[in-house]
**Q** 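First the structure, then my questions, so here it is.
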Amino acid sequence: MPCRKNLLSILVVAAIAGPPAFCRTAGASEPTVARVTFNGGHFEPAKLTVPANQPFQVRVTNTDRTAIEFESFDLHRERVVRPGETITVYMAPAAPGHYSFCDDFDHSVAEGAIEAR
Amino acid sequence: MAIVAAALMAIQAIRTPVRNSGATGELQAPPDVQAALRRACYQCHSQETNWPWYVQFAPLSWFVHGRVSAARRRLDFSAWRDYLYDPGTAARKLGAIDQMMHSGAMPPWYYRLLSARARITPAERAAIETWAIEGRAAALKAEPQ
């Protein structure tokens, strides 16, 4: 993963040099993109299925009127999604299993889950 | 007195040791920043905790276990490599570190009282903050959107 290494080095050298060019080359095959929309106070669909042991992306669209924080403690991801915004969350290859996500701004929102298999 | 002693012994049966997963996270930072974070933050925010023997006993062990679990959920330096995989997440964690350094809320006051490790000098605080601000800017640039 040359790009990840690149970001690692960016974070080291940022203090010394200016920001070097960043690359994110697409792999041989395009990664799976799972889509989820937040609307009316809940995630739809509430369950996403992705292939295990492969990088994937979760595209989160917030069509609600308040910002959410798409958070997966299991997968170590934390991203704010403002109203009307769509973001892409990059996920490392995950072992087969069940990984939950939530709106960390509002814990009354039902949790969603990503199943890697 | 005997009742208190017996109760203290009984609750030792409820073991909640702080366990480490073995992950290291390969945090990349200038040596002074790295050293300060390891000393003052890793006891709670990593899988490389190493608590002294006297906090292995209930009820203190319950408290420590609870704090470490909460801390790791928010920020786990041992997951650093994984954070960097998603630049937006890395930016968010670095932003939170900057905020905590700025406000002085971290390390928590009770830990600063208990442990000399947690006392960070103004220079260390500034170095961590600079690293976090610059790292966050780099991560935001790396976000391909």
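Worth saying up front: this structure is predicted, and the values here are computed from it rather than measured. Sequence lines set the chain letters: A, B, ... in the order given, protein chains first and strands last, and positions in each chain run from 1.
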**Q** Working note: A/Asp104 + B/Arg74, criterion side-chain contact (heavy atoms from CB on, under 4.5 Å); need CA distance, chi angles, decisive distance, verdict.
**A** CA-CA 11 Å; A/Asp104 199 34; B/Arg74 294 282 152 208; 2.6 Å; yes
**Q** Under 4.5 Å from any heavy atom of chain A, what part of B/Arg92 do you find: side chain, backbone, both or neither?
**A** side chain
**Q** Go through the steps to decide whether B/Arg73 and A/His76 satisfy the test side-chain contact (heavy atoms from CB on, under 4.5 Å), and finish with yes or no.
**A** CA-CA 8 Å; B/Arg73 261 161 73 91; A/His76 300 130; over 6 Å; no
**Q** Considering all heavy atoms of both residues, which atom of A/Arg77 and which atom of B/Asp82 are nearest to each other, and what is their separation?
**A**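 Nearest heavy atoms, A/Arg77 then B/Asp82: NH1-O, 2.9 Å.
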**Q** Does A/Phe101 belong to the same Ile/Leu/Val/Met/Phe/Trp/Tyr cluster as A/Val80, with side-chain heavy atoms less than 4.5 Å apart forming each link?
**A** no
**Q** Is any side-chain heavy atom of B/Asp86 closer than 4.5 Å to one of A/Glu78?
**A** no
**Q** Does any heavy atom of chain A fall under 4.5 Å from the side chain of B/Arg72, the backbone, both, or neither of them?
**A** neither
**Q** When you group the ILVMFWY residues by side-chain heavy-atom contacts below 4.5 Å and let the links chain together, are B/Leu84 and A/Phe73 in the same group?
**A** no
**Q** Please round to the nearest 0.5 Å and tell me the distance separating atom OG1 of B/Thr89 and atom CZ of A/Phe70.
**A** 9.0 Å
**Q** Quick one: do B/Trp51 and B/Tyr110 end up in the same hydrophobic cluster if we chain Ile, Leu, Val, Met, Phe, Trp and Tyr together by side-chain heavy atoms under 4.5 Å apart?
**A** yes
**Q** Over all heavy atoms of both residues, which pair between A/Tyr90 and B/Tyr85 is shortest? Give the atoms and the distance, please.
**A** CB-O, 3.5 Å
**Q** Establish whether A/Val89 and A/Phe105 are linked, either directly or via other cluster members, by ILVMFWY side-chain heavy-atom contacts under 4.5 Å.
**A** no
**Q** Is there a path from B/Met101 to B/Ile133 through hydrophobic residues (I, L, V, M, F, W, Y) whose side chains come within less than 4.5 Å of each other?
**A**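 B/Met101 and B/Ile133: separate clusters.
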